[in-house]
*Asks:* 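The structure follows.
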Amino acid sequence: MSSEASKIVTVGPNPKMLEYNGTYGAYGGAYVPPVLEPQLARLADFFDKFSKEEAFNREFISILTDYVGRPSPLYYAKNLSQHVGSKIYLKREDLNHTGSHKINNTIGQILLAKQMGAEEVIAETGAGQHGVATATAAAILNIPCKIFMGKVDAERQALNVRRIKQLGAELITTEMGTATLKDAVDAALGYYIENPASFYLLGSHVGPHPYPKMVGYFQSVIGSEARQQILLKEGRLPDQIFAAVGGGSNAIGLFSGFLDDASVQIAGAEGGGSGQMPETAATLTFGKPTVFQGTLSYCLVDEAGNPMPSKSIAAGLDYPGISPQHANLKDTGRASYFPVTDSEAVEAYKLLSRLEGITPAIESSHAVALAKKLLKDKNALAVVNLSGRGDKDVEREM
């Protein structure tokens, strides 16, 4: 083992993510039916207690190290760098067990569910990666699991559907609305209201408090590691960092390690779809502040102000809402968000496969495309979060 590699260890979550108590500037909160208020208050209390306990965090980090395979590598993409003209590192979340960043959060939340004595875990999924990660964590931690998925997403992510079932979880598809991620969330929330003994394992940085706080904390291992790794490899911080933004979990995971560093420019790649309304999922580009699925944040809305369907080639980005923390980062100017069209993402998907022998998830391809578009300085140092691998997308017509 090289001396550099021996210095890299699995770092725990960023404790600064615990300072957020339900709001991010003007955004966040918990806008839920009265029946859910006591459940969410109990969940918030348990999370606040156990997230500060050394034994809980030690078990979390141990599973990430020995089971998930963290720390994920920070890989210098030499060929991509030469093609773009800037020095680019890829944070390889695609190399985690199950193939994406989602496993970080599911391990953490199911550990919490076990502490709370939950009888089962339920979750929603779009691209299927969160469903696979939840089913995996439920298997290793021995708790029953139900996964809700839109019928359209289940058809375009057939490989992950098979994986979810093989892992022992029950898959429940919904044909409501556009039968995509938004509708899977609605179906899961409906079940949760009727089955309060369940633990709802929300997969992204959205929803009512305390979910953004929990997801942000568990995913902050990405940014903690990336910061440590880039300093070891380059001796300095990156000039720019990039991540795809659907609900916002992989992005806030990376961004959390650099939010206090004013010299680091932060850029999020939204699912741009066709590049214009209404065929887009670029919420922070085209949306407005709205209460949606339990929180106040930006949302794609129609002329009457009602939430409207989104559209993106990437199931994991095909969501009309957004993390309340990303909404605040946009408004304060700390991060910038850009729509990446379907065609731009497909081009990046093929480019990275050809240049680096790495097939990214079509979601992650949006971040690669944005880096390619924005990086102009040959001396620039950048980190791109490769949030997932593209096995699930290989058989699709793109």
Side-chain angles (χ1 to χ4, degrees), residues 8 10-17 20 24 64 68 70-77 87-96 99-105 108 129 203-206 212 215-234 236-270 284 316-317 322-323 325-326 328-330 334-338 340 358 360-361 363-371 374-375 380-389:
I8 297 175
T10 304
V11 244
N14 186 341
K16 287 189 176 181
M17 298 301 283
Y20 301 103
Y24 304 85
L64 292 185
V68 175
R70 303 202 72 91
S72 65
L74 188 69
Y75 166 70
Y76 171 43
K87 195 167 190 179
I88 301 173
Y89 281 86
L90 303 177
K91 182 57 173 161
R92 297 292 306 277
E93 293 299 291
D94 60 309
L95 293 181
N96 292 338
S100 82
H101 68 291
K102 294 293 188 180
I103 191 71
N104 306 322
N105 174 53
Q129 288 299 127
S204 198
H205 200 236
V206 296
V215 175
Y217 179 70
F218 292 131
Q219 291 294 5
S220 68
V221 296
I222 301 171
S224 296
E225 287 178 5
R227 183 186 178 85
Q228 177 197 58
Q229 290 167 321
I230 197 68
L231 288 173
L232 281 171
K233 289 177 178 290
E234 294 290 334
R236 71 179 183 93
L237 293 173
D239 299 300
Q240 294 177 266
I241 60 176
F242 299 87
V245 183
S249 64
N250 92 87
I252 207 63
L254 177 65
F255 296 174
S256 65
F258 303 91
L259 288 176
D260 294 334
D261 302 301
S263 65
V264 179
Q265 297 178 38
I266 299 175
E270 296 197 275
L284 290 171
L317 307 184
I322 192 71
S323 149
Q325 188 167 9
H326 285 297
N328 185 54
L329 291 174
K330 168 190 164 65
R334 182 62 191 96
S336 300
Y337 299 86
F338 305 85
V340 173
I358 298 171
E363 289 78 13
S364 312
S365 302
H366 285 68
V368 177
L370 185 61
L374 295 186
L375 288 171
L381 177 64
V383 173
V384 177
N385 199 32
L386 206 64
S387 57
R389 67 181 185 229

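What you see is a predicted model, and the numbers here were worked out from it, not measured in a lab. Residue indices begin at 1 and follow the sequence shown.
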*Asks:* So, Glu270 side chain and Leu284 main chain: donor-acceptor pair closer than 3.5 Å or not?
*Replies:* yes
*Asks:* Start with the C-alpha distance between Ser256 and Lys16, add both sets of side-chain angles, then the distance that settles side chain to side chain contact (heavy atoms under 4.5 Å, CB included), and finish with yes or no.
*Replies:* CA-CA 9 Å; Ser256 65; Lys16 287 189 176 181; over 6 Å; no
*Asks:* Take Leu329 and Ile266 through the side chain to side chain contact (heavy atoms under 4.5 Å, CB included) test and state the conclusion after the steps.
*Replies:* CA-CA 10 Å; Leu329 291 174; Ile266 299 175; 5.9 Å; no
*Asks:* Could you walk me through whether Gln219 and Asn105 pass the side-chain hydrogen bond (donor to acceptor under 3.5 Å, both in side chains) check?
*Replies:* CA-CA 6 Å; Gln219 291 294 5; Asn105 174 53; 5.5 Å; no
*Asks:* So, the side chain of Lys91 versus the backbone of Val383: is there a donor-acceptor pair under 3.5 Å, distance only?
*Replies:* no
*Asks:* Okay, side chain of Gln240, backbone of Ala267: is any donor-acceptor separation there less than 3.5 Å?
*Replies:* no
*Asks:* Students often mix this up, so state it plainly: with edges at 30° and 60°, are the rings of Tyr89 and Tyr76 parallel, tilted or perpendicular?
*Replies:* tilted
*Asks:* Roughly how far, to the nearest 0.5 Å, is CG of Leu254 from OG of Ser224?
*Replies:* 10.5 Å
*Asks:* Taking side chain to side chain donor-acceptor pair (under 3.5 Å) as the test, write out the residues that go with Ser323, two or more places apart.
*Replies:* His205
*Asks:* So if I apply the side-chain contact (heavy atoms from CB on, under 4.5 Å) rule between Leu74 and each of Arg227, Gln229, Glu225, Arg92, which one comes out positive?
*Replies:* Gln229
*Asks:* If you measure from NE2 on His326 to OG on Ser249, what distance do you get to the nearest 0.5 Å?
*Replies:* 8.0 Å
*Asks:* For the CG atom of Asn385 and the CD1 atom of Ile241, what is their distance to the nearest 0.5 Å?
*Replies:* 9.0 Å
*Asks:* Taking side-chain contact (heavy atoms from CB on, under 4.5 Å) as the definition, give me every residue that meets it alongside Ala371, ordered by chain and number, with sequence neighbours left out.
*Replies:* Phe242, Leu375, Val384
*Asks:* Would you check if the side chain of Asn250 reaches a backbone N or O of Ala243 as a donor-acceptor pair within less than 3.5 Å?
*Replies:* no
*Asks:* If only atom types and distance count, is the side chain of Asn96 paired as donor or acceptor with the main-chain N or O of Ile103 below 3.5 Å?
*Replies:* no
*Asks:* Do the side chain of Ser220 and the main chain of Asn14 share a donor and acceptor less than 3.5 angstrom apart?
*Replies:* yes
*Asks:* On a heavy-atom basis, which atom in Asp94 and which in Gly388 lie closest, and how many Å separate them?
*Replies:* CB-C, 3.4 Å
*Asks:* Whether the side chain of Ser204 engages the backbone of Gly248 through a donor-acceptor N/O pair (distance < 3.5 Å, no angle test) should be reported.
*Replies:* yes
*Asks:* Once rounded to the nearest 0.5 Å, what's the spacing between atom CG of Leu381 and atom NZ of Lys87?
*Replies:* 7.0 Å
*Asks:* Please report the closest heavy-atom contact between Tyr217 and Met17, naming both atoms and the distance.
*Replies:* CA-CB, 4.0 Å
*Asks:* Step by step, work out the side chain to side chain contact (heavy atoms under 4.5 Å, CB included) result for Phe255 and Arg334.
*Replies:* CA-CA 10 Å; Phe255 296 174; Arg334 182 62 191 96; over 6 Å; no
*Asks:* Between atom CD1 of Ile252 and atom OH of Tyr24, what is the distance when rounded to the nearest 0.5 Å?
*Replies:* 8.0 Å
*Asks:* What verdict does the side chain to side chain contact (heavy atoms under 4.5 Å, CB included) test give for Leu95 and Tyr75, after you've listed the backbone C-alpha separation in whole Å, the side-chain angles of each residue and the deciding distance to 0.1 Å?
*Replies:* CA-CA 11 Å; Leu95 293 181; Tyr75 166 70; over 6 Å; no
*Asks:* Would you name the heavy atoms of Ala269 and Val340 that are closest together and state the gap between them?
*Replies:* CB-CG2, 3.8 Å
*Asks:* Would you name the heavy atoms of Ser72 and Arg70 that are closest together and state the gap between them?
*Replies:* OG-NH2, 3.4 Å
*Asks:* Atom CG in Leu370, atom OG in Ser365: separation rounded to 0.5 Å?
*Replies:* 12.5 Å
*Asks:* How close do Phe258 and Pro238 get, counting heavy atoms only, and between which atoms?
*Replies:* CE2-CD, 3.7 Å
*Asks:* How about Ser387 and Glu93: does a side-chain donor come under 3.5 Å of a side-chain acceptor?
*Replies:* no
*Asks:* If every non-hydrogen atom of Val206 is compared with every non-hydrogen atom of Ile322, which pair is closest and at what distance?
*Replies:* CG1-C, 3.7 Å
